[in-house]
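The first residue in the sequence is number 1, and the count goes up from there.
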Amino acid sequence: MYPHVSRRAAVKSALIGGAVLATAGSTAVPAGAQGRGGGNPSDVSRSARSGSPARAADTLRYEAPARDWEREALPVGNGALGAMVFGGVADERLQFNEKTLWTGGPGSDGYDFGNWPEPRTEKLDEVQRTIDTDGRADPAKVAAALGRPRTGYGAYQPFGELLLTFPDAPERPAGYRRELNIADALATVRYETGDATHRREFFASHPAGALVGRITARPAGAAATADTPGAPGRISFTVRLAVPHDGARVTARHGRITASGRLPDNGMRYEAQLQLHTEGGTRTDAADGSVTVTGADSAWFVLAAGTDYADRYPRYRGEDPHGRVTAAVDAAGQQGYEQLRTDHLADHRALFGRVRLDLGGELPDVPTDRLLSGYGQGDPEADRALEALHFAYGRYLLIASSRPGSLPPNLQGVWNHSTEPPWSADYHGNINLQMNHWPAHTANLAETAEPLHRFLTALRAPGEVSAERMFAAGGWVVHNETNPFGFTGVHDYPIAFWFPEAAAWLCRHLWEHWRFGRDTRFLRETAYPAMKGAARFWLDTLHTDPRDGKLVAGISYSPEHGDFTAGAAMSQQIVHELLTTTLAAARELDADPALRTELRSALDRLDPGLRIGSWGQLQEWKDDLDDRTDTHRHVSHLYALHPAGAIEPGSAHAEAAKVTLTARGDGGTGWSKAWKINFWARLHDGDHAHTMFHQLLKDSTLPNLWDTHPPFQIDGNFGATAGVVEMLLQSHRDSLDLLPALPAAWPDGSVRGLRAAGDVTVGLDWSGGRLHRATLRTGRDGDLRLTGVGRDVTVRDRTARRTLAVRREDGGTLVLTALAGHTYTLIARRISAR
């Protein structure tokens, strides 16, 4: 069940459910958070609009209950609340989380936000002198000088388990099937017992803020629809909630189980309520907090949960969750199961249905774990279908773990079963938190970026304190790891404690939201203030390198290996991008002329962090220290290639990046392989990008299709989904590049609903490895520059119903003068290669 908690101790407590967010109390999106990039209803597929069933290609299915949480259980989520469905027959288990339930932070002994108790100016100067003199400094010595033991940091916590016991269930039922339909976000369990077909259905509703489930039995052979009569009196079970935290109180009254308490570590209040509804039969509350149903025709429940967390520095506490949780459960109960289900389907399909990828494969009717184990074993059609499913699953997981009003997905999204999860299931700022949002815009899920924007905004206040106390600098800073309680300082693990570039990297996501949606209000009110503050920190702390007079990050560390140096490549590339985009934002808003002058001056002196070394590699450090036998999982010095867009394919720096990637090899953890998909796609090497996708599926994917580091870490799922988009569409430079890295393994296919910078929605069809048709829907007036389009092409404005003359730039780039709200079709008269 839970590490460190006996089954008896856990069962004495309670469960929770739903998706009531103590962080917000409301799921309203801040003005400008969605912009046009949130998607137009016309993006939604016909099946999503009509409410028709999802295709089998959108389903993970299994022939046995899950035994292992990490490898086999199936995830549902609504952003704030997540649950893992095991599908047991006699004993069903739904382990669930609410994203604000954390130990640590205010109320926990010794919590100090990671800040030094007093400035260490002399220590900073000492480390800087060592680096200036010797060129490098030992990580252990730097950690001893500049680090501090982490106290009260805390960890993301499991909320509990919903346990259903069915006394009459058979040991070996016929026709067992466990499924997760990702197009509908429904987890189902089905089996037969002679004269009846039993079905359980579970979903996490974002509109209702709740986890919902229904248990039915119908005559054998009958279709499981709402109009089919049930098998009377066949439903009997006991439900209980188990909470792994000392002091939880669990009661049952009128079919409602309430579990509440305070975390012993920090005093955080939490509460979960489960309301059980039945048709027919009897319902009995027990003194131990359980509820028993006997002889019912059907039953359904709604579960909501919350805490008193609030994302406000420095207390991070708000109202007691009781009122919100009660209101959510009451409101859901008044709607009824069918209305809850209908609203859930409409909400999820409106997001998921925007994009459809077809790689020319058809999913065979075999369990997903067998499909995965057979991947790459000689059935190319099944392989392509699995790859398309994995891509879609990444979008599903992002919808399930990142919705407006909640915290952003952590290292495990929203799912965690351990009171001591790996790396605290926290937020790592040296790639993982950022990678979790790579597909948000390109895969047409802009709304899922709102939790990151909100989280980043909330970090600014504690980050300003860390900047002042640790560096005597203005602006704001956050280092390598953070939590929901404003931990913006440092700890003392030598290879992973120092990364002041994290805030700057996070700010690129604000700029990306602007680039894709062009929402000026968002830029002015949300993006620019954060970017300006992050840029101020670097303007105040950049160091003049005595070797060449260039501005560098004077104490920098390339994650997560090597020595401390001045001006490591990743540091320079991130800072260069931040100052450049902040300057662009200020110009766009016509704001802060004095700051613009300061930014231009700094950029003129700033080392860009792009050097080619002695064996043709892109250097990781300013000095040529790279070892060609180094196969470390981080390839941080290629930041300028991806996610930034500073390296152009075919350039000398691109060739040096290719040398580096080749030397690093195709191994690594799941997230590392996902990053390499994106790297190779940016180099327009689709075959190598596909090799990395193959490696990730073959060696770093669990039977439930979760990514594994190991252990489970969700960023690999998100990074791979983003990488597939990069293979098909790129818009990080000044043009839309169509099929820039199409691998030979995908000769025929289509995609609908991808998003490009500049508020453009893109559909592509290809055959024989060549572009056949492109469809562009534009959100604003202006020129579109298109590459990857052959010369023999017809361009038609479908909105105006006319054929357009095409204009070409030197090099063959097609220029289309677009109008807002119009749809354009480009058709290759002869299917053309790039």
Side-chain angles (χ1 to χ4, degrees), residues 21 23-39 79-80 310-313 316 398 402-409 427 429 433-434 436-442 444-464 467 474-478 482 484 486 488 502-538 574 577-592 595-596 599 643 755 757-759 779-780:
L21 296 177
T23 50
S26 134
T27 57
V29 182
Q34 290 188 24
R36 292 178 183 265
D311 59 354
R312 296 189 296 269
Y313 174 81
Y316 295 96
L398 188 55
S402 191
R403 300 295 295 272
S406 70
L407 288 168
Y427 299 100
L433 174 57
Q434 293 90 337
N436 282 358
H437 297 84
W438 282 356
H441 294 96
T442 59
N444 207 341
L445 293 172
E447 296 90 339
T448 64
E450 188 272 349
L452 179 64
H453 301 161
R454 179 179 180 135
F455 185 70
L456 190 157
T457 299
L459 283 174
R460 285 173 53 198
E464 289 171 357
W476 67 285
V477 68
V478 59
T482 189
T488 50
W505 188 347
L506 287 168
C507 282
R508 95 169 313 273
H509 288 265
L510 299 172
W511 181 247
E512 284 292 279
H513 195 73
W514 152 252
R515 290 183 65 245
F516 277 77
R518 295 300 176 110
D519 185 334
T520 301
R521 183 177 178 182
F522 171 82
L523 182 64
R524 179 183 299 110
E525 296 181 0
T526 302
Y528 181 62
M531 296 167 68
K532 178 181 174 180
R536 169 47 56 199
F537 169 80
W538 284 104
I574 290 175
E577 180 184 51
L578 172 69
L579 300 190
T580 301
T581 56
T582 303
L583 177 59
R587 286 170 173 164
E588 180 70 29
L589 297 172
D590 193 20
D592 296 317
L595 175 64
R596 280 148 54 185
L599 288 167
R755 292 280 292 170
D759 197 3
R780 56 193 58 251

Closest heavy-atom contact between Leu510 and Ala527?
CB-CB, 3.7 Å
Would you call Pro643 and Gln434 a side-chain contact if the rule is heavy atoms closer than 4.5 Å?
no
For the student: nearest non-hydrogen atoms of Val477 and Ala467, plus distance
CG1-N, 3.6 Å
About how many Å separate CZ of Arg460 and CG of Leu506, when rounded to the nearest 0.5 Å?
13.0 Å
Does Thr488 reach the side chain of Trp476, with side-chain heavy atoms less than 4.5 Å apart?
no
Heavy-atom pair with the smallest gap, counting every atom of Ala535 and Leu579:
CB-CD2, 3.9 Å
Donor-acceptor contact present, side-chain Tyr528 to main-chain Leu589, <3.5 Å
no
Roughly how far, to the nearest 0.5 Å, is OG1 of Thr520 from CD of Glu525?
11.0 Å
Hey, are the side chains of Glu577 and Cys507 touching, using non-hydrogen atoms and a 4.5 Å cut-off?
no
Are the side chains of Thr442 and Phe516 in contact, using a 4.5 Å heavy-atom criterion?
yes
Beyond-backbone contact of Asp311 with Phe455, side-chain heavy atoms, under 4.5 angstrom:
no
Identify the heavy atoms of Val478 and Ala502 that sit nearest to each other, and give their distance.
O-CB, 3.4 Å
Over all atoms of both residues, closest heavy-atom pair of Arg454 and Gly405
NH1-CA, 4.4 Å
Aromatic ring pairing His441/His513, orientation class (parallel under 30°, perpendicular over 60°, tilted between):
perpendicular
pair Ile574-Arg508: side-chain heavy atoms closer than 4.5 Å
no
Between CG on residue Leu445 and CG on residue Leu398, distance to nearest 0.5 Å:
5.5 Å
Check whether any side-chain heavy atom of Asn436 lies under 4.5 Å from a side-chain heavy atom of Ser402, and answer yes or no.
no
Rounded distance [0.5 Å steps], CE in Met531 versus CG in Leu523
7.0 Å
NZ of Lys532 to CG of Asp592, rounded to nearest 0.5 Å, is 3.5 Å
Rounded to the nearest 0.5 Å, how far does CG of Leu456 lie from OH of Tyr427?
12.5 Å
For Pro404, is there any backbone N or O sitting under 3.5 Å from a side-chain donor or acceptor partner on Glu447?
no
Compute both the distance and the angle, then confirm whether Arg518 meets the cation-pi test with Trp514: under 6.0 Å from the six-membered ring centre, within 45 degrees of the axis.
yes
Classify the ring geometry of Tyr313 against Tyr316: parallel below 30°, tilted from 30° to 60°, perpendicular beyond 60°.
perpendicular
Strictly below 4.0 Å, N to O, side chains only: are Asp590 and Arg596 in salt-bridge contact?
yes
Contact summary for Ser406 and Pro451, nearest pair of heavy atoms
O-CB, 3.2 Å
Can you find a pair of side-chain heavy atoms, one from Leu452 and one from Leu433, that are under 4.5 Å apart?
yes
Any side-chain donor near an acceptor of the partner, His453 and His509, under 3.5 Å:
no
